[in-house]
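These notes are about the structure you will find just below.
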Amino acid sequence: MKKELIFDHSITVTQPSLPNYASYIAYVKDIWERKWLTNNGPLHEEFKNRLKSYLSTTNVELFTNGHLALEISLKALELEGEVITTPFTFASTIHAIKNCNLEPVFCDIDPVTYNIDPTKIEELITDKTSAIVAVHVFGNPCELEAIQAIATKHNLKVIYDAAHAFGVEVDGNGIANYGDVSMFSFHATKVFHSIEGGMLSFSDEMLSPILNALKNFGITSPETVDYIGTNAKMNEFQSAMGLCNLEIVDKEISSRKNAYTRYMEELTGLDDVQLLKLPENIKPNYAYFPILLKDHKLRNFLSDRLTKYNVIARKYFYPLCSQFECYDYDGNETPVALDVSDRILCLPMHANLDVKEVSQICDIIRYELGDYSE
Ligand SMILES: *Cc1c(COP(=O)(O)O)cnc(C)c1O
């Protein structure tokens, strides 16, 4: 331990962005005067339209959170049987599949991008397969064309968990425009948030009425309930936060870029540390800063040591979803994912992280890796 590198306050892995207080309060005052709190209020509608234009996409619906949005999308697509997905994701992805009575079939990941490996999808397709649920892990886009080609050939739906990928573009095209459906999370810990919140973008506009019904108890008119729906509506206070944060999101992403650039400058070339390289043809959102350590023991050592300096790094995603106690899989069918999960560590990354703080975190990492003995 090097005492002078200890932070006097906790450096968390993420921190919610907060807009100008007065601008949020101005929206709240309007809500008070209108007395319209939820169920497609005017702020909900305005937020929806502003998102369409920010994300350059056509069909979107809003939800109370990303998880229920994902679950509802699987239901709306009337999927059955098996769904090919990745174990290297947040619990939500697999819970959504399971909650729709679908069977997740775990496909291994690419060791460089950590996304589902398209070359391993086809061997998992059976006559029960109905969809591919892929995740843009850490906001880094999946191999969109390869996945779509497989889906088209085998008549499968493609659902992207784009929870990490708000604002990302590929060859100048918004990431919301790929697959049959993409889910975005607006949770407080994400690059862009509405406190809690979620969004679906989708290619077939005919999905809109069923998505709207499913998030409102399956009600399709005052006296008709056509589906066994749930309650997953976004309210006016969430929409207000989303509208305020949309004003500052570009600034937030550019602050993240400064932190990202400093990390890359200081950690590139370090033995035992592999960095995630962003492809040239994308506009990234700098959602996370993952590093891959040489082995499991070194990852755990570094994570523990960082905590002693008040730096809270997180083991995203560890364990694999396929290793969770609540299911009955074992994780061994995806050796690459298992290995990455054992060695991954996400360093603090948010818009309020100062580049000096980033440098200090990197000093700690260099010092502690030097101090490590096997
Ligand atoms: C955050 C997250 C979700 C869930 O979104 P919520 O808005 O928190 O419900 C789903 N998938 C991934 C990969 C996530 O990171």
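Basis for what follows: all heavy atoms, side chains included, without hydrogens, waters or symmetry-related copies. Atoms within each ligand, like the ligands themselves, are counted from 1 in listed order.
The shortest contact between atom 11 (N) of ligand 1 and any protein heavy atom is with Asp161 OD2, 2.7 Å. Closest to atom 15 (O) of ligand 1, if we only count protein heavy atoms, is His164 NE2, 2.8 Å. Protein heavy atom nearest atom 4 (C) of ligand 1, with residue, atom name and distance: Ser92 OG, 3.6 Å. With hydrogens left out, the protein atom closest to atom 9 (O) of ligand 1 is His67 N, 2.8 Å, a heavy atom.
Taking the centre and axis of the six-membered ring of Tyr288, the NZ or CZ atom of Arg256 falls outside the cone set by 45° and 6.0 Å. Judged by a 6.0 Å distance limit and a 45° cone about the ring axis, Lys215 is positioned over the six-membered ring of Phe63.
Within the 6.0 Å centre-distance limit, the rings of Tyr327 and His95 are counted as a close aromatic pair. A distance below 6.0 Å separates the ring centres of Tyr329 and Phe106. Between Tyr54 and Phe166, the distance separating the two ring centers is shorter than 6.0 angstrom.
Side-chain contact annotation: Gln15 with Asn352, donor-acceptor N/O pair under 3.5 Å present. There is a side-chain donor-acceptor pair under 3.5 Å between Glu82 and Thr126. Inspection of the Glu61 and Asn212 side chains reveals an N or O donor paired with an N or O acceptor under 3.5 Å.
Here is the list of ligand 1 atoms found below 4.0 Å of a heavy atom in His187: 7 (O), 8 (O). For ligand 1 and Gly66, the ligand atoms under 4.0 Å from any heavy atom of the residue are 5 (O), 6 (P), 7 (O), 9 (O). Applying the 4.0 Å criterion to heavy atoms of Phe90 picks out, from ligand 1, the atoms 2 (C), 3 (C), 12 (C), 13 (C), 14 (C). Atom numbering of ligand 1 starts at 1 in the shown order; those under 4.0 Å from a heavy atom of Lys190 are 1 (C), 2 (C), 14 (C), 15 (O). Listed by number with element, the atoms of ligand 1 under 4.0 Å from a non-hydrogen atom of Thr89 are 13 (C).
More than 12 heavy atoms of other shown residues, nucleotides or ligands fall within 6.0 angstrom of atom NZ in Lys48.
Not a single heavy atom of Glu196 sits closer than 4.0 Å to an atom of ligand 1. In this structure, Gly197 is part of the shell of residues with a heavy atom less than 4.0 angstrom from ligand 1.
Backbone and side-chain nitrogen or oxygen atoms of Ser185 are examined, and one is located within less than 3.5 angstrom of a nitrogen or oxygen of ligand 1. In terms of polar-atom proximity, Tyr288 is not counted as a contact of ligand 1, lacking any N or O under 3.5 Å from an N or O of the ligand.
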